[in-house]
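Only one structure is covered here, and it is reproduced in the block below.
All values below come from the heavy atoms of this structure, side chains included, with hydrogens, waters and symmetry mates left out.
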Amino acid sequence: RSLDEAAPRDARATTIEAFFTPGEHGSLVNSAHAEGETVVQIHAPKPANERDNPTERQLTASRVTLQFYPDGKNISAADASENAVMTVTPIRAVKGADKKTLRAPQMNGVFYETDNRLKTFTATGGVKVEIESLVTGAHPLRTTTSRQLVADFLADTQDIDRVTQE
């Protein structure tokens, strides 16, 4: 369960091993290593305005390692391996809102310093991307494949801003 109400996220797995460092008011999470059916759910940020459609982000893999910023609450980096899948889903099903599913053997994410917000995400080893409209019939399923992928995230909504595939 999340340690910070302002930036909620959950993690579950067959086993999770957390490493702590001493802090001013007790121990702080430095890193966590999860194995076996690992799921890291990063909940949508609060929208800055009524037009924004923030996204839920979910990372699944056989193995996930999370590194935390010195505050012990916010994720600084995530590494996922073995059947890694990142799903980015807008919270409202409106025209133009697409669910994006990225699949690859290896994924790495870098986060902003606050609110567990993704900055950049890299996938390697053979990548498959599926883009599915949340509005029925808006467009057919779109699929791309590549050796690797780099995705940049919008800081406010946490949707994918730009994808580069090679």
Side-chain angles (χ1 to χ4, degrees), residues 1-2 7-16 32-67 74-112 114-166:
R1 276 278 182 221
S2 183
R9 83 269 183 222
D10 301 304
R12 61 184 181 277
T14 304
T15 60
I16 297 176
H33 181 75
E35 291 209 27
E37 300 176 21
T38 303
V39 178
V40 178
Q41 180 76 39
I42 304 168
H43 301 285
K46 292 183 182 185
N49 59 60
E50 291 180 20
R51 293 184 320 259
D52 283 353
N53 193 6
T55 63
E56 294 275 333
R57 288 130 304 137
Q58 180 172 287
L59 176 62
T60 62
S62 294
R63 292 189 186 111
V64 175
T65 299
L66 301 173
Q67 299 292 326
N74 290 289
I75 301 168
S76 64
D79 295 310
S81 60
E82 294 184 29
N83 302 315
V85 178
M86 167 62 82
T87 305
V88 179
T89 309
I91 59 172
R92 291 191 318 271
V94 296
K95 186 176 181 181
D98 294 328
K99 175 181 172 182
K100 294 118 184 135
T101 305
L102 295 70
R103 301 173 194 280
Q106 178 69 38
M107 294 184 176
N108 308 89
V110 175
F111 290 72
Y112 290 100
T114 59
D115 301 332
N116 292 309
R117 294 175 187 247
L118 269 167
K119 183 186 276 187
T120 304
F121 204 75
T122 304
T124 57
V127 180
K128 181 178 181 180
V129 178
E130 298 170 331
I131 302 171
E132 177 184 357
S133 176
L134 293 181
V135 175
T136 305
H139 64 74
L141 178 67
R142 298 173 182 157
T143 304
T144 65
T145 58
S146 62
R147 286 179 293 127
Q148 61 185 13
L149 168 146
V150 176
D152 296 324
F153 283 75
L154 295 167
D156 52 356
T157 64
Q158 284 293 273
D159 204 352
I160 295 175
D161 181 33
R162 180 179 43 228
V163 172
T164 304
Q165 288 183 269
E166 296 178 1

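The two residues A61 and A84 come nearest to each other via the heavy atoms CB-CA, 3.9 Å. Here the shortest heavy-atom pairing between P54 and A44 reads CB-CB, 4.0 Å. The heavy-atom pair separating P45 from R57 by the smallest distance is CD-NH2, 3.8 Å. The two residues G109 and L118 make their nearest non-hydrogen contact at CA-CD2, 4.1 Å. Of all heavy-atom pairs spanning S62 and T38, the tightest one is O-OG1, 3.6 Å. The two atoms that bring I16 and A11 nearest to each other are CD1-O, 4.0 Å, heavy atoms only.
Inter-residue side-chain proximity for Q67 and T65 is flagged as met; some heavy-atom pair is nearer than 4.5 Å. F111 has its side chain within reach of I42: a pair of non-hydrogen atoms, C-beta onward, lies under 4.5 Å apart. Residues E56 and I91 meet the side-chain proximity criterion, which asks for heavy atoms closer than 4.5 Å.
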message: Walk me through whether N116 and N74 qualify under side chain to side chain contact (heavy atoms under 4.5 Å, CB included).
response: CA-CA 5 Å; N116 292 309; N74 290 289; 3.8 Å; yes
message: Apply side chain to side chain contact (heavy atoms under 4.5 Å, CB included) to residues T157 and N53 and explain how you reach the verdict.
response: CA-CA 6 Å; T157 64; N53 193 6; 6.0 Å; no
- prompt: What's the verdict on side chain to side chain donor-acceptor pair (under 3.5 Å) for H43 and Q41, showing C-alpha distance, side-chain angles and the deciding distance?
  reply: CA-CA 6 Å; H43 301 285; Q41 180 76 39; 4.6 Å; no
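Atom OG1 in T120 sits 9.0 Å away from atom CZ in F153 (nearest 0.5 Å). Put simply, OG1 on T122 and CD on Q106 are 10.0 Å apart, with the number rounded to the nearest 0.5 Å. Going from atom CD of Q165 over to atom OG1 of T144 covers 3.5 Å, rounded to the nearest 0.5 Å. Atom CG of D152 sits about 9.5 Å away from atom CD1 of I160, to the nearest 0.5 Å. Atoms CG and CG, on L134 and D98 in that order, are 6.5 Å from each other to the nearest 0.5 Å. Of the inter-residue distances, the one linking L141 atom CG with K99 atom NZ reads 10.0 Å to the nearest 0.5 angstrom.
Surrounding CD of E37 are at most 12 heavy atoms belonging to other residues, nucleotides or ligands under 6.0 Å away. For N83, the CG atom counts as loosely surrounded, since its 6.0 Å shell holds 12 or fewer non-hydrogen atoms of other residues, nucleotides or ligands. No more than 12 heavy atoms of other residues, nucleotides or ligands shown are found within 6.0 angstrom of CZ on R12.
Side chain of S133 to backbone of V135: a donor-acceptor contact under 3.5 angstrom is found. Checking side-chain atoms of N49 against main-chain N and O of R51 turns up a donor-acceptor pair under 3.5 Å.
Comment: D159 engages K100 in a salt bridge, judged by a side-chain N to carboxylate O separation of less than 4.0 angstrom.
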